[in-house]
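Given the structure is predicted, the values throughout are model-derived calculations rather than measurements.
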Amino acid sequence: MRLTGKEDLRVQKTITAIKEAFEALICEKDFADITVTELCARSKINKKTFYHYYPSLDDLLVELQMELSSDYVELVRDFRLPEDSAKVNRVFFEYSAAQGLAYEKITCSTQEMIDRVTEHTWGRSEAFRALGEAEQAMVLSFVSSVSVGCYRQWVADGKTMPLEEVIRLSTALLCGGLDGFFQTNDEK
């Protein structure tokens with residue numbers, strides 16, 4: 001349940017407790033290993049209260065993903081794709097590096113948030129919309145594989161490579177592939 005600030009104070013405290021407990025649990029274990037029982041114990045509520053606000057843990061995860069990605073989507077809102085792919089990639093890495101462990105765990109272990117954000121950002125691109133459905137799917141898969149794949153590898157390696165180097169390498173991989181694709185596609 002997204003809070004608007006107009007809810008009763010008890011509702012606000014309950015939702016906040018649920019989200020804080022969920023973020024703590026996601027930092028400790030894989031999403032698949034989290035149970036409603038465990039979440040309720042951690043947030044000091046009963047299951048009935050949890051289910052009053054969320055039909056399932058998946059719904060809570062989706063809401064958290066939307067909250068975590070909304071600021072990023074706003075940051076890249078005015079960029080044009082594929083022309084600004086390097087800028088979008090830079091913002092993705094800088095934004096991701098500034099987030100907490102819960103964001104890192106969710107980004108590295110689930111694909112849903114990435115798919116939604118990628119579809120949203122690329123969905124505004126005229127060049128992208130001019131592609132066929134199969135080509136669109138391939139572009140989205142490629143962009144996600146490169147940017148998020150490099151981010152996940154950087155995290156898995158303990159972030160030992162400097163952020164600027166990760167951005168440089170992932171941008172070279174991403175833009176080299178996108179430029180080649182869109183140039184080839186324009187020649188058709």
message = If the test is side-chain hydrogen bond (donor to acceptor under 3.5 Å, both in side chains), which one of Trp154, Tyr151, Tyr72, Tyr103 qualifies with Ser96?
response = Tyr103
ask   = Would you say Lys44 has more than 12 foreign heavy atoms packed within less than 6.0 Å of its NZ?
value = no
task = Not counting sequence neighbours, which residues clear ring pair (Phe, Tyr, Trp, His ring centres under 6.0 Å) with Phe93? List them please.
result = none
inquiry  = Can a side-chain donor-acceptor contact be found between Asp115 and Thr118 if the only test is distance below 3.5 angstrom?
reply    = no
Main-chain N/O of Gly100 paired with Glu104 side-chain donor or acceptor, under 3.5 Å = no
request  = For residues Val76 and Phe92, determine if any side-chain heavy atom of one lies less than 4.5 Å from a side-chain heavy atom of the other.
outcome  = no
ask   = How close do Arg129 and Gly123 get, heavy atom to heavy atom, and via which atoms?
value = NH1-O, 3.1 Å
request  = Using modelled atom types only, decide if a donor and an acceptor are shared between the side chain of Ser125 and the backbone of Leu81 within a distance under 3.5 Å.
outcome  = yes
note = Interatomic distance, OH@Tyr54 vs CG@Leu39, rounded to 0.5 Å, equals 9.5 Å
key: Nearest heavy atoms of Asp78 and Arg124, plus distance in Å   = N-NH2, 4.2 Å
task = Answer yes or no: is there a donor N or O on one side and an acceptor on the other, between the side chain of Asn46 and the main chain of Thr49, under 3.5 Å?
result = yes
key: Steps toward side-chain contact (heavy atoms from CB on, under 4.5 Å) verdict (Arg77, His120)   = CA-CA 9 Å; Arg77 180 176 50 112; His120 177 78; over 6 Å; no
ask   = So, does Ser43 use its side chain to make a donor-acceptor pair with the main chain of Ile45 at under 3.5 Å?
value = no
request  = Output all residues satisfying side chain to side chain contact (heavy atoms under 4.5 Å, CB included) with Met138, sequence neighbours left out; order by chain, then residue number.
outcome  = none
Side-chain (Arg90) to main-chain (Ile167) donor-acceptor, under 3.5 angstrom = no
key: Atom CD of Glu165 with >12 non-hydrogen neighbours under 6.0 angstrom   = yes
query = Hey, quick one: are Leu101 and Ile106 part of the same hydrophobic cluster, counting side-chain heavy atoms closer than 4.5 Å, chains of contacts allowed?
reply = no
ask   = Atom SG of Cys175 and atom CG of Leu178: how far apart are they, to the nearest 0.5 Å?
value = 6.5 Å
ask   = Is it true that a side-chain atom of Glu135 and a backbone atom of Gly132 form a donor plus acceptor pair closer than 3.5 Å?
value = yes
inquiry  = Check this for me: Arg80, atom CZ, are more than 12 non-hydrogen atoms of other residues, nucleotides or ligands nearer than 6.0 Å?
reply    = no
request  = Working to the nearest 0.5 Å, report the span between CZ of Arg116 and OG1 of Thr121.
outcome  = 13.0 Å
query = Does Ala32 offer a backbone N or O that forms a donor-acceptor pair with the side chain of Asp30 under 3.5 Å?
reply = no
message = Between Asp157 and Thr160, do the side chains contain a donor N or O and an acceptor N or O under 3.5 Å apart?
response = no
message = What's the separation between atom OG1 in Thr37 and atom NZ in Lys47, rounded to the nearest 0.5 Å?
response = 3.0 Å
inquiry  = Can you tell me how far apart CZ (Phe22) and CG (Leu64) are? Round to the nearest 0.5 Å.
reply    = 6.0 Å
task = Working to the nearest 0.5 Å, report the span between CD1 of Ile15 and CG of Leu60.
result = 8.5 Å
Result block: side-chain N/O donor-acceptor pairs under 3.5 angstrom for residues 142-150, not counting sequence neighbours:
residue: Ser144; atom: OG; partner: Gln111; partner atom: NE2; Å: 2.8
residue: Ser145; atom: OG; partner: Ser141; partner atom: O; Å: 2.7
residue: Ser147; atom: OG; partner: Asn89; partner atom: OD1; Å: 2.7

task = Quick one: do Lys19 and Glu63 satisfy salt bridge (charged side-chain N to carboxylate O under 4.0 Å, His left out)? Show the steps, please.
result = CA-CA 10 Å; Lys19 289 181 179 179; Glu63 183 174 307; 2.7 Å; yes
request  = State, to 0.1 Å, how close Pro82 and Ala127 come at their nearest heavy-atom pair, and which atoms those are.
outcome  = CD-CB, 3.9 Å
